[in-house]
Amino acid sequence: MIFDNKFIQQRIEKTELLKSMGINPYANDSKRNTTIEKYINVNSDLFGIEGKRDEHRHYVVSGRIKLFRVMGKASFIEIEDESGSLQIYVARDNLPEGFYNDVFKKNIETGDIVEVGGYPFVTGQGELSLHASSFKLLTKAISPLPEKFHGITDKEIRYRKRYLDLIMNADVRKTFKIRSNVISLTRRFFEEKGFLEVETPMMHPIAGGANAKPFVTHHNALKIDRYLRIAPELYLKRLIVGGFEAVFEINRNFRNEGMDATHNPEFTSIEFYWAYKTYRDLILITKEYFTYLFDHLNLPTLLPYGDMEINFANFQEIPLIESLTTIGGVPADIVYDKEKIIAFLNSKNLTVKPGLNLGQLQGELFDEFVEEKLIDPTFITEYPVEISPLARRSDTNPDITERFELFIAGREIANAFSELNDPVDQLGRFESQIEAKESGDDEAHEMDEDFIDALSYGMAPTAGQGIGIDRLVMLLTNEHSIRDVLLFPAMKPLHKDELHQDEEEE
RNA sequence: GUCUUGUUAGCUCAGCUGGUAGAGCACGUCACUUUUAAUGAUGUGGCCGAUGGUUCGAAUCCAUCACAGGACACCA
């Protein structure tokens, strides 16, 4: 049974006892008239006042009891609301007859949510507190809180019961406030630039816009399968065809792949598309975006991340092929030779999947020798066309695309390019992706004829970019697991029967 | 998917080469009207993640499974 724990039973008994005394353990008529943060701000003048108290002021605050210190006929408790925590002095003789002994001391405990009225004063130890003259239980907690000093450290409980994590760990609340700010500032930045926020489908007939395995779901009325989107890209470009010139979408993508410190099956990204611009303009707006974020979040441009220090005032730019030799230390004479690249990778004890083309092999070299060395923000440009099925070819070199990825702290943060708007070229790229799929690459891009059709009506020259919000928040909050920046990260079910639900239904 | 570490009271953790379970917090009782993780006294609290095995005897050793953390692989 869910409430068979003895501590919970004990608390349920207290709840019943309170009810029998005419006290509603889940009262609804809160009279709170200030937050704890405001209370502390307004009353900190008492430190400079004779007697360090003002019995003419009166405030009602509420919050969850975090600490409970009884000393005979008086007690100190610490309550916490979203804005902060406050010490309350509760003395027997300032409360109605019998309340202190029979209700407060016996039946109120840590975890309960209470409302306290009284006047501000500073204790002998110098802490601004509230001297209680009224005390009311708002919500009884029948489960006990975790240990008051160590709190809750077990990561599994922290992720599965995020509410407990939020109750016990103030910096977790801080991380998620920063996340919320980042999303809000991102939205504001693009709106101020004249972009239009749009919503495109989450359920796609064809999972396109990225190379990834999709989740499948079923539409009963139409008797067809739908894919949870892996990227919004192809729909946003259709809007550019339609005549919108600057659009963005901040939302979830879903990818049916492994989970680890930087991958969750659902993750948040912003994608934006900007007509009559190129990837050069995207480099500029990306720098501007980071400046905007850092200004509004009051972050220093020199930001610690684990053992690293990232200089956000030092944006670098280097073409991919050049980075292989200058940063990765790959010999310059091999980077255009498939056989030599394979031999080089093998000499480093790295196995290569058979059948990779030159662009893919260059990508392998980059992943292996360059990516993790890019600590300060670095735009890697001029990606091989084979690994960029949606990007526009360079006008001067048909083997490379007008594309960049932004790397920070050894991780990909953004992917951007001048969009391919030649429908015939796009068709050809899709066709070569189909070939790749047939030769075993199950994450190659799908054919999307409707998208080709859209392009055939003419899409203005456009630049588009995606930024991974989760990884960005990780950087800004110095968190090293994506689970620590997701309120409810994906977790395996605890019980086997939940795990094999689908098999039983079949 | 592979390797590795963990899973003991509500929480944080001990428990050595196998001998029948321990602390702190929390909770109960008592004392205490300015404490700061309050304090002092005292008490309650456990299917030692699950299932098998070895053994006279298993929290402890072995195997399998589940979940989690970390690393690697995959994810261009």
Side-chain angles (χ1 to χ4, degrees), chain A residues 3-11 13-14 52-53 66-78 85 87-94 100 105-106 109-111 121-127 129 131 141-161 164 167-168 210-213 230 255-265 267 320 350-351 353 356-357 359-368 371 380 383-384 386-389 403 405 412 415 433 436 441-445 480-481 483 489 491-500:
Chain A
F3 290 145
D4 62 357
N5 176 279
K6 58 195 167 298
F7 297 104
I8 294 179
Q9 279 303 320
Q10 204 170 58
R11 281 169 175 252
E13 279 165 32
K14 288 183 183 182
K52 299 194 170 176
R53 60 178 57 213
K66 298 296 287 290
L67 293 170
F68 206 101
R69 297 188 282 271
V70 182
M71 294 166 311
K73 298 174 190 66
S75 301
F76 284 98
I77 63 171
E78 211 169 299
S85 61
Q87 176 169 268
I88 312 282
Y89 179 70
V90 185
R92 184 191 63 182
D93 298 340
N94 296 309
Y100 182 81
K105 261 170 70 176
K106 298 254 187 218
E109 54 206 322
T110 48
F121 77 113
V122 177
T123 65
Q125 301 293 313
E127 179 166 348
S129 307
H131 202 291
I142 62 168
S143 283
L145 284 185
E147 210 253 7
K148 66 185 175 190
F149 185 58
H150 298 94
I152 185 155
T153 60
D154 184 318
K155 289 213 168 192
E156 181 167 1
I157 303 179
R158 290 186 44 215
Y159 298 148
R160 287 191 195 278
K161 301 189 173 189
L164 263 188
I167 290 171
M168 300 308 295
N211 300 2
K213 286 178 222 152
I230 57 175
R255 296 190 184 175
N256 205 342
E257 287 165 356
M259 291 156 58
D260 63 23
T262 55
H263 296 84
N264 194 69
F267 63 98
L320 187 137
L350 298 163
T351 50
K353 274 190 286 185
L356 292 189
N357 56 45
Q360 288 170 319
L361 287 167
Q362 290 167 335
E364 293 286 319
L365 287 175
F366 177 81
D367 292 348
E368 209 55 55
E371 182 167 5
I380 298 292
Y383 273 69
E386 298 97 320
I387 55 175
S388 312
R403 174 182 177 191
E405 287 196 359
E412 178 194 340
N415 181 18
Q433 288 288 308
D441 182 359
D442 54 359
E443 282 170 359
H445 207 287
H480 294 258
S481 170
R483 294 188 175 114
M491 300 289 279
K492 279 197 194 178
L494 278 177
H495 306 294
K496 239 196 227 164
D497 47 343
E498 293 172 45
L499 198 60
H500 298 298

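Chain A is the first sequence line, chain B the second, and so forth, proteins listed ahead of strands; every chain is numbered from 1.
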Fill in the blank from the handout: From CE of A/Met168 across to P of B/A37 the rounded distance in Å is 14 Å

Practice task
Check whether any side-chain N or O of A/Lys148 sits under 4.0 Å from OP1 or OP2 of B/A26, and answer yes or no.
Solution key: yes

Practice task
Confirm from the modelled atom types if A/Thr123 and B/U36 form a donor-acceptor pair under 3.5 Å, side chain to base only.
Solution key: yes

Exercise for the section: Would you mind telling me which of B/C11, B/U33, B/A26 lies closest to the side-chain atoms of A/Lys73? Expected result: B/U33

Exercise for the section: Return no unless some side-chain N or O of A/Arg160 is found under 4.0 Å from OP1 or OP2 of B/A68. Expected result: yes

Exercise for the section: Could you tell me whether A/Glu386 contacts a base, only the sugar-phosphate backbone, or nothing, with contacts defined as non-hydrogen atoms closer than 4.0 Å? Expected result: nothing

Exercise for the section: Please report the C-alpha distance between A/Arg403 and A/Asn415 in whole Å, then the side-chain angles of each, then the deciding distance to 0.1 Å, and finally whether the side chain to side chain contact (heavy atoms under 4.5 Å, CB included) criterion is met. Expected result: CA-CA 8 Å; A/Arg403 174 182 177 191; A/Asn415 181 18; 3.1 Å; yes

Exercise for the section: Give one of base, sugar-phosphate or nothing for A/Phe267, where a contact means two heavy atoms less than 4.0 Å apart. Expected result: nothing

Problem - B/U7 and B/A59, which share atom name P, separated by this distance in whole Å - result: 15 Å

Exercise for the section: Apply side chain to side chain contact (heavy atoms under 4.5 Å, CB included) to the pair A/Phe121 and A/Lys52, showing each step before the final yes or no. Expected result: CA-CA 6 Å; A/Phe121 77 113; A/Lys52 299 194 170 176; over 6 Å; no

Exercise for the section: Could you check whether A/Asp154 gets within reach of a base, just the sugar-phosphate, or nothing at all, counting any heavy atom under 4.0 Å? Expected result: sugar-phosphate

Fill in the blank from the handout: The nucleotide from B/G10, B/A38, B/G70 with an atom nearest the side chain of A/Phe7 is B/G10

Exercise for the section: Test side chain to side chain contact (heavy atoms under 4.5 Å, CB included) on A/Thr110 and A/Lys148 and set out the steps. Expected result: CA-CA 9 Å; A/Thr110 48; A/Lys148 66 185 175 190; over 6 Å; no

Exercise for the section: Please measure how far the C1' atom in B/A14 lies from the corresponding atom in B/A9, and state the result in whole Å. Expected result: 13 Å

Exercise for the section: Determine the contact category for A/Met491: base if any of its heavy atoms lies under 4.0 Å from a base atom, sugar-phosphate if only primed atoms, P, OP1 or OP2 are that close, otherwise nothing. Expected result: sugar-phosphate

Fill in the blank from the handout: A/Phe76 atom CZ is separated from B/U36 atom P, nearest whole Å, by 9 Å

Practice task
Can you sort out the partners of A/Arg11 under side chain to side chain donor-acceptor pair (under 3.5 Å), two or more places apart, ordered by chain and number?
Solution key: none

Exercise for the section: Whole angstrom is fine here: how far is it from CD1 in A/Ile152 over to P in B/G10? Expected result: 13 Å

Handout entry: Rounded distance (nearest 0.5 Å) linking atom OG1 of A/Thr153 with atom NZ of A/Lys155
Key = 10.0 Å

Problem - Nearest-Å distance for atom pair CG/P, residues A/Leu356 and B/C74 - result: 11 Å

Exercise for the section: Report the distance from atom NE2 of A/His263 to atom P of B/G70, rounded to the nearest whole Å. Expected result: 14 Å

Problem - Minimum-distance nucleotide to A/Glu364 side chain [options: B/U34, B/U33, B/A76] - result: B/A76

Practice task
Starting from the 5' end of RNA chain B, give me the residue, A/Gln360 or A/Ala74, whose nearest nucleotide shows up first.
Solution key: A/Ala74

Problem - Same-atom distance (C1') from B/G24 to B/G15, integer angstrom - result: 15 Å

Handout entry: Distance, rounded to the nearest Å, where A/Ile77 contributes CD1 and B/U35 contributes P
Key = 17 Å

Practice task
Without swapping roles, check the side chain of A/Tyr100 against the backbone of A/Ala74 for a donor-acceptor pair under 3.5 Å.
Solution key: yes

Exercise for the section: Describe the nucleic acid contact of A/Gln125 in one word from base, sugar-phosphate, nothing, applying a heavy-atom distance below 4.0 Å. Expected result: base

Practice task
In whole angstrom, give the distance that lies between atom CE of A/Met259 and atom C1' of B/C74.
Solution key: 14 Å

Handout entry: Spacing of the P atoms in B/G43 and B/G22 (rounded, Å)
Key = 14 Å

Handout entry: Contacts of type salt bridge (Lys or Arg N to Asp or Glu O under 4.0 Å), residue A/Glu156, not counting sequence neighbours
Key = A/Arg160

Practice task
Give one of base, sugar-phosphate or nothing for A/Lys105, where a contact means two heavy atoms less than 4.0 Å apart.
Solution key: nothing

Problem - Minimum-distance nucleotide to A/Lys492 side chain [options: B/U12, B/A68, B/A38] - result: B/A68

Completion exercise
Side-chain contact check for A/Ser481: nearest option of B/G70, B/A68, B/C25 is B/G70

Exercise for the section: Output the single nucleotide from B/C11, B/A76, B/U34 whose closest atom is nearest the side chain of A/Ile157. Expected result: B/C11

Exercise for the section: Name the nucleic acid region contacted by A/Phe366, choosing base, sugar-phosphate or nothing; use a 4.0 angstrom heavy-atom cut-off, strictly under. Expected result: nothing

Exercise for the section: Identify whether any heavy atom of A/Gly124 sits under 4.0 Å from a base atom; if not, whether one sits that close to sugar-phosphate; answer base, sugar-phosphate or nothing. Expected result: base

Handout entry: Residue A/Asp260, side-chain heavy atoms: nucleotide from B/A76, B/G10, B/C74 that is nearest
Key = B/C74

Exercise for the section: With heavy atoms under 4.0 Å as the rule, sort A/Gly151 into base, sugar-phosphate or nothing. Expected result: sugar-phosphate

Problem - Donor-acceptor pair, side chain of A/Arg69 and main chain of A/Phe76, under 3.5 angstrom - result: no

Practice task
Please determine if a side-chain N or O atom of A/Thr153 lies less than 4.0 Å away from the OP1 or OP2 oxygen of B/C13.
Solution key: yes

Handout entry: Shortest side-chain distance from A/Met71, nucleotide among B/A68, B/A38, B/A26
Key = B/A38

Practice task
Please measure how far the P atom in B/U12 lies from the corresponding atom in B/U17, and state the result in whole Å.
Solution key: 25 Å

Handout entry: Rounded distance in Å between the C1' positions of B/C67 and B/A76
Key = 32 Å

Handout entry: Backbone of A/Ile142 reached by a side-chain donor or acceptor of A/Lys14 within 3.5 Å
Key = no

Problem - Inter-nucleotide C1' distance (B/A68, B/G53), Å rounded - result: 26 Å

Handout entry: Approximate separation, where rounding is to 0.5 Å, of A/Met491 CE and A/Asn264 CG
Key = 10.5 Å

Problem - Same-atom distance (C1') from B/C16 to B/U60, integer angstrom - result: 10 Å

Exercise for the section: Check whether any side-chain heavy atom of A/Asp260 sits under 4.5 Å from a side-chain heavy atom of A/Ser481, and report yes or no. Expected result: no

Completion exercise
Here the helical stems involving RNA chain B, each at least 3 consecutive Watson-Crick or G-U pairs closer than 3.5 Å, sorted by first residue number, are B:1-7 with B:66-72, B:10-13 with B:22-25, B:27-31 with B:39-43, B:49-53 with B:61-65

Handout entry: Protein-nucleotide distance (A/Arg483, atom CZ; B/G69, atom P), rounded to Å
Key = 4 Å

Exercise for the section: Could you tell me whether a side-chain N or O of A/Gln9 sits under 3.5 Å from a main-chain N or O of A/Phe3, the two making a donor and an acceptor? Expected result: yes

Practice task
Would you please confirm or rule out a distance under 4.0 Å between OP1 or OP2 of B/U29 and any side-chain N or O of A/Lys106?
Solution key: yes

Problem - A/Lys66 vs B/A37: side-chain N/O to OP1/OP2 distance below 4.0 Å - result: no

Handout entry: A/Leu67, nearest nucleotide to its side chain (from B/C32, B/A37, B/U12)
Key = B/A37

Practice task
Please determine if a side-chain N or O atom of A/Arg69 lies less than 4.0 Å away from the OP1 or OP2 oxygen of B/A38.
Solution key: yes

Exercise for the section: Would you mind classifying the nucleic acid contact of A/Glu127 as base, sugar-phosphate or nothing, using non-hydrogen atoms under 4.0 angstrom? Expected result: base

Exercise for the section: Give a yes or no on whether a donor-acceptor pair under 3.5 Å exists between the nucleobase atoms of B/U35, that is its base, and the side chain of A/Tyr89. Expected result: no

